[in-house]
Amino acid sequence: MKKNKVQPAQKSYFFGQGYRDIGTAIKTSWLKNALSAKSYYDKYTEKGLMSFKGVYNLFCALSVVSFGTIFFALISAIMLTVVSVFFILVYTGFSAVWLFDRAYLTRKKIFTACNECKCKTLIPTYICPKCGAKHTNLTPGAYGILKRTCECKAQLPTTFFNGRKKLQAICPNCLLEGKTTYLNDRESRPLCIPVVGGRSVGKTAYITAFSKQFVEFVAPQNNLEIEFYNGAKEKIYSEIKADFAHGSTRMTVRPQDITKSSSISFSFFVKNKALSPERLVHLYDIAGEVFTDNNENEVQRQYEYCQGIIFIIDPFAIPTVRARYEALLTPEDKAGIGKADINGVINVFINKLREVTGLSDRKMSKVPLAVVIGKTDSADLHSEFSNEKIEKLVHLDTKIEISRNDALDYLCRKFLKENEMESFVNAIDIKFKNNRFFVASAIGHTRDAGAYNPVGVLEPMEWICLQADKKMASLWVKTKYSKRPLSKIIDELEA
């Protein structure tokens, strides 16, 4: 257990005043014993050995020194033993409560992810509702076991089971930087998913399409209750609904103000009686310039603790694909083609992931990565992933069942390899052992040509949820995904 920092609170009696009281009691007893012996001895010196009273006082002084010392030593030992046993029981209880609280947070995978600095914190800084004092490490300890007494005399709960999550909290990392970022995580279990890719690949459109479908269709159909993280996130959802209705999307730009975040999160709680604690979904929309210019306003710490990553690519940014389909693209679609080199983007992303997490390649490879080929509604690109091709693979004579998503994963890899992107596919397989490829059309048609008609936006999130949170996934994911890529199975069959 970490040693508590000085807090704006009163230390528990058993962690401060209790020791002082024991010391004072023992010291006072010995002092009285010494004073009593000295009093008798002083009377003896006045009378001397030639008088009865003198001899009597000398005898009393010697008795106090000898028998009194033994008596007080015995009493002190008994008192120390009794008090020590009591204190041990208190400390054992405190340790048990601390461990229970910490075990709950760990087992339930509860932590706080700041929306601004992206810093991960197990116990944020809580604010006293009465005086506004800031309490760090509000857990059972020297300042209280179940309750902490603030310097204003207010009682603050110190565990998950007696109301700590109801207190207002702020990010301790932002506080160190002179900022005040209010948190509303209330000890929920987060599901953090960064959506990454170059500029104009469709990251914001993907988040818009998924969020609208999940919040207004998937959640109600599966008895999931949605609550927005705060007023700011609810405002973002209002923008999402407006964009969805008009078929538009906003460009996520890197703010010139270096104090502003390069990534925006859309966050909402998912609640159901089967989910304890409630889940908090964070979808991070990161400006494409971060991956093309290799420039950002802050370290993207969410990579360190994210449960999965969605990497979106614009297929028309691939030279061979653009050459084949450019004549079929509308002027609006041509103008929206991502200019970034896909191999360059993935290399920058992998380097950033390694720098931020500090993880070895082996540990980093465990992060689930969903690669999404977007904009499949444009030109005739959907023919590359047609139902005919999918059904042909689904009905292959293999010993295992092949799902439509298994077939799509294979077709995506095949499409990229045939278009001179084999090095990209290989880089994904090497760096991310747990990966899967998807196709999606977030808007479903040319931009600004009517309401969204999304296709394939739920599947990447379904797959990541299955990897990260099986309990939550069981409430809404109906699709099955095999663990072994179909490409390996087919390679073995062809061999």
Side-chain angles (χ1 to χ4, degrees), residues 195-210 212-213 243-252 288 291-292 310-346 370-393 404-405 407-425 428 436-460 487:
V195 180
V196 302
R199 191 178 183 186
S200 299
V201 299
K203 300 185 298 297
T204 304
Y206 175 85
I207 292 175
T208 296
F210 168 78
K212 183 70 161 56
Q213 280 200 310
D243 288 345
F244 193 95
H246 296 95
S248 58
T249 183
R250 292 155 285 109
M251 183 72 72
T252 306
F291 301 100
T292 54
I310 295 177
F311 188 94
I312 297 182
I313 62 176
D314 182 348
F316 299 106
I318 303 172
T320 57
V321 177
R322 180 165 184 169
R324 187 187 312 166
Y325 291 102
E326 188 168 17
L328 300 175
L329 293 172
T330 65
E332 293 81 6
D333 289 335
K334 289 180 183 179
I337 293 177
K339 303 299 190 295
D341 174 66
I342 297 173
N343 285 309
V345 171
I346 191 65
V371 181
V372 180
I373 300 175
K375 303 182 180 180
T376 53
D377 61 275
S378 299
D380 192 33
L381 189 63
H382 59 84
S383 63
E384 300 281 353
F385 316 100
S386 65
N387 284 328
E388 290 78 11
K389 291 182 178 181
I390 291 173
E391 290 298 323
K392 183 178 179 181
L393 290 169
R404 289 180 61 83
N405 284 300
L408 274 174
D409 174 78
Y410 173 79
L411 290 174
C412 288
R413 296 171 191 269
K414 182 172 180 288
F415 168 77
L416 292 171
K417 290 177 180 179
E418 289 175 348
N419 285 282
E420 302 176 358
M421 295 295 294
E422 186 168 0
S423 61
F424 170 80
V425 176
I428 296 295
R436 182 173 280 270
F437 287 72
F438 300 86
V439 294
S441 172
I443 300 179
H445 50 69
T446 301
R447 184 178 173 181
D448 297 322
Y452 275 47
N453 184 27
V455 177
V457 296
L458 292 175
E459 285 81 353
S487 55

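None of these values were measured; they are calculated from a predicted model. Residue numbers start at 1 and run along the sequence shown.
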Show the nearest heavy-atom pair for residues [X] and [Y], with the distance to one decimal.
X    : Y    : answer
A440 : V372 : CB-CG1, 3.6 Å
K417 : V425 : CE-CG1, 3.9 Å
Y206 : V457 : OH-O, 2.7 Å
K375 : L381 : O-CD2, 4.1 Å
A209 : Y452 : CB-CD2, 3.9 Å
P454 : F244 : CD-CZ, 4.0 Å

With side chains defined as the heavy atoms from C-beta onward, is the minimum distance between [X] and [Y] less than 4.5 Å?
X    : Y    : answer
F438 : I373 : no
K203 : I310 : no
E384 : L411 : no
T249 : R447 : yes
Q213 : L458 : yes
I312 : V195 : yes

How far does [atom1] of [X] sit from [atom2] of [Y], to the nearest 0.5 angstrom?
X    : Y    : atom1 : atom2 : answer
L393 : E388 : CG    : CD    : 12.0 Å
F385 : F415 : CZ    : CZ    : 5.0 Å
R404 : I390 : CZ    : CD1   : 4.0 Å
H445 : T330 : NE2   : OG1   : 11.5 Å
F424 : I313 : CZ    : CD1   : 4.5 Å
S378 : Y325 : OG    : OH    : 11.5 Å

Under the side-chain contact (heavy atoms from CB on, under 4.5 Å) rule, what do V371 and I428 come out as? Steps first, then yes or no, please. CA-CA 9 Å; V371 181; I428 296 295; 4.2 Å; yes
For M421 and I318, what are the C-alpha separation, side-chain angles and deciding distance, and is it a side-chain contact (heavy atoms from CB on, under 4.5 Å)? CA-CA 8 Å; M421 295 295 294; I318 303 172; 3.8 Å; yes
Taking atom types as modelled, is there a side-chain donor on D243 or S248 under 3.5 Å from an acceptor on the other?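 A pair is found: one side chain offers a donor N or O, the other an acceptor, under 3.5 Å apart.
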Determine whether more than 12 heavy atoms belonging to other residues, nucleotides or ligands lie under 6.0 Å from atom [atom1] of [X].
X    : atom1 : answer
H246 : NE2   : no
K389 : NZ    : yes
E420 : CD    : no

How far apart are the C-alpha atoms of E418 and K414, what are their side-chain angles, what is the distance that settles it, and do they pass the salt bridge (Lys or Arg N to Asp or Glu O under 4.0 Å) test? CA-CA 6 Å; E418 289 175 348; K414 182 172 180 288; 2.7 Å; yes
Measure from the side-chain N and O atoms of D314 to the backbone N and O of F316, and report whether any donor-acceptor pair falls under 3.5 Å.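 At least one qualifying donor-acceptor pair exists.
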Is it true that a side-chain atom of D409 and a backbone atom of F437 form a donor plus acceptor pair closer than 3.5 Å?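 Side chain of D409 to backbone of F437, a donor-acceptor pair under 3.5 Å: yes, one is there.
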Could you please spell out the steps behind the salt bridge (Lys or Arg N to Asp or Glu O under 4.0 Å) verdict for R436 and E459? CA-CA 10 Å; R436 182 173 280 270; E459 285 81 353; over 6 Å; no
